Asker: 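The structure's right below; bear with me while I get my questions together.
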Amino acid sequence: MSFRDTVYKITAKIPKGKVATYGQIARLAGNAKAARAVGMFMKKNPFAPRVPCHRVVASDGKLTGYSAPGGIVKKKSMLIHEGVMFKKARVDLSISRWSES
DNA sequence: AAACTGACTTCTC
DNA sequence: GGAGAAGCCAGTT
C-alpha cells in the first residue's frame with residue numbers, strides 16, 4: 001500500500017466534530033515530514049465524500065486551502081456545523097484536535 | 001530523469 | 001503575535 005493510500009485511510013477515520021493537522025496525519029502515515037505532501041493528497045482527494053478532507057487543518061488550527069466550491073469559507077461552515085470549536089479564524093485545537101483513538 | 005509546485009512546519013527577527 | 005526564510009515530501013510536467 002502506498003503512502004498516499006495510508007493517508008486517505010487515516011483521514012477517513014477522523015470523527016465528526018474533530019479535526020487533525022497535516023503534520024499529525026503525516027506522522028500517523030509514517031512520514032512525519034510529509035505534511036506538505038498530505039496537503040496535496042487532500043487537494044486531489046480521489047475519494048471525495050468518503051474522505052472528510054475538510055477536517056484537516058494546519059498545525060496552528062488555521063484553515064488552509066479547499067478545492068471544493070465555497071473554499072475556506074465553506075470549509076469553516078462545515079466544521080462549525082459539525083461542532084468544531086473555533087477561535088476567530090482558527091480551530092481551537094485544545095478542544096477539537098483529534099486523538100487517533 | 002530533472003525541475004517545478006504546493007491545502008505544511010518550524011525557526012528567527 | 002505577525003512576517004520572512006529554509007527544509008521536506010510526493011505528484012506533475
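Here the structure is a predicted model, which is why all the values come from computation and not from measurement. Throughout, a chain's letter reflects where its sequence line sits, starting with A, and its residues are numbered from 1. Basis for what follows: all heavy atoms, side chains included, without hydrogens, waters or symmetry-related copies.
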Asker: Taking it one step at a time, do A/L63 and A/F86 satisfy side-chain contact (heavy atoms from CB on, under 4.5 Å)?
Answerer: CA-CA 11 Å; A/L63 275 66; A/F86 268 79; 3.7 Å; yes

Asker: NZ of A/K44 to CZ of A/R4: how many Å apart, nearest 0.5 Å?
Answerer: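 The NZ atom of A/K44 sits 8.5 Å away from the CZ atom of A/R4.
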
Asker: Residues of residues 3-20 of chain A with any non-hydrogen atom less than 4.0 angstrom from an atom of DNA chain C: list those, numerically ordered, please.
Answerer: A/F3, A/R4

Asker: Hey, which of A/M42, A/R27, A/R36 is the one that makes side chain to side chain contact (heavy atoms under 4.5 Å, CB included) with A/Y22?
Answerer: A/M42

Asker: Identify, between A/F41 and A/R90, the residue whose nearest nucleotide on DNA chain C lies closer to the 5' end.
Answerer: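 Going by which nucleotide is closer to the 5' end, it is A/R90.
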
Asker: If I take atom CD1 from residue A/I10 and atom CH2 from residue A/W98, how far apart are they, to the nearest 0.5 angstrom?
Answerer: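 Reported value, rounded in 0.5 Å steps: 6.5 Å.
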
Asker: Measure the CG-CG distance between A/D60 and A/L93 for me, rounded to the nearest 0.5 Å.
Answerer: 7.5 Å

Asker: Would you give the length of the straight line joining atom CD of A/Q24 to atom CD of A/E100, rounded to the nearest 0.5 angstrom?
Answerer: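 One gets 7.0 Å once the value is rounded to the nearest 0.5 Å.
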
Asker: Below 4.0 angstrom from OP1 or OP2 of C/dA10, is there any side-chain N or O of A/N31?
Answerer: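 Yes, within the criterion.
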
Asker: Can you tell me how far NE2 of A/H54 sits from NZ of A/K75, rounded to the nearest 0.5 angstrom?
Answerer: 9.0 Å

Asker: Work out which heavy atom in A/R55 is nearest to a heavy atom in A/E82; give both atom names and the distance.
Answerer: NE-OE1, 2.9 Å

Asker: Return a single string for nucleotides 5-13 of chain B, one symbol per nucleotide in 5' to 3' order, where B is base contact, S is sugar-phosphate-only contact and - is none, cutoff 4.0 angstrom on heavy atoms.
Answerer: -BBBSS---

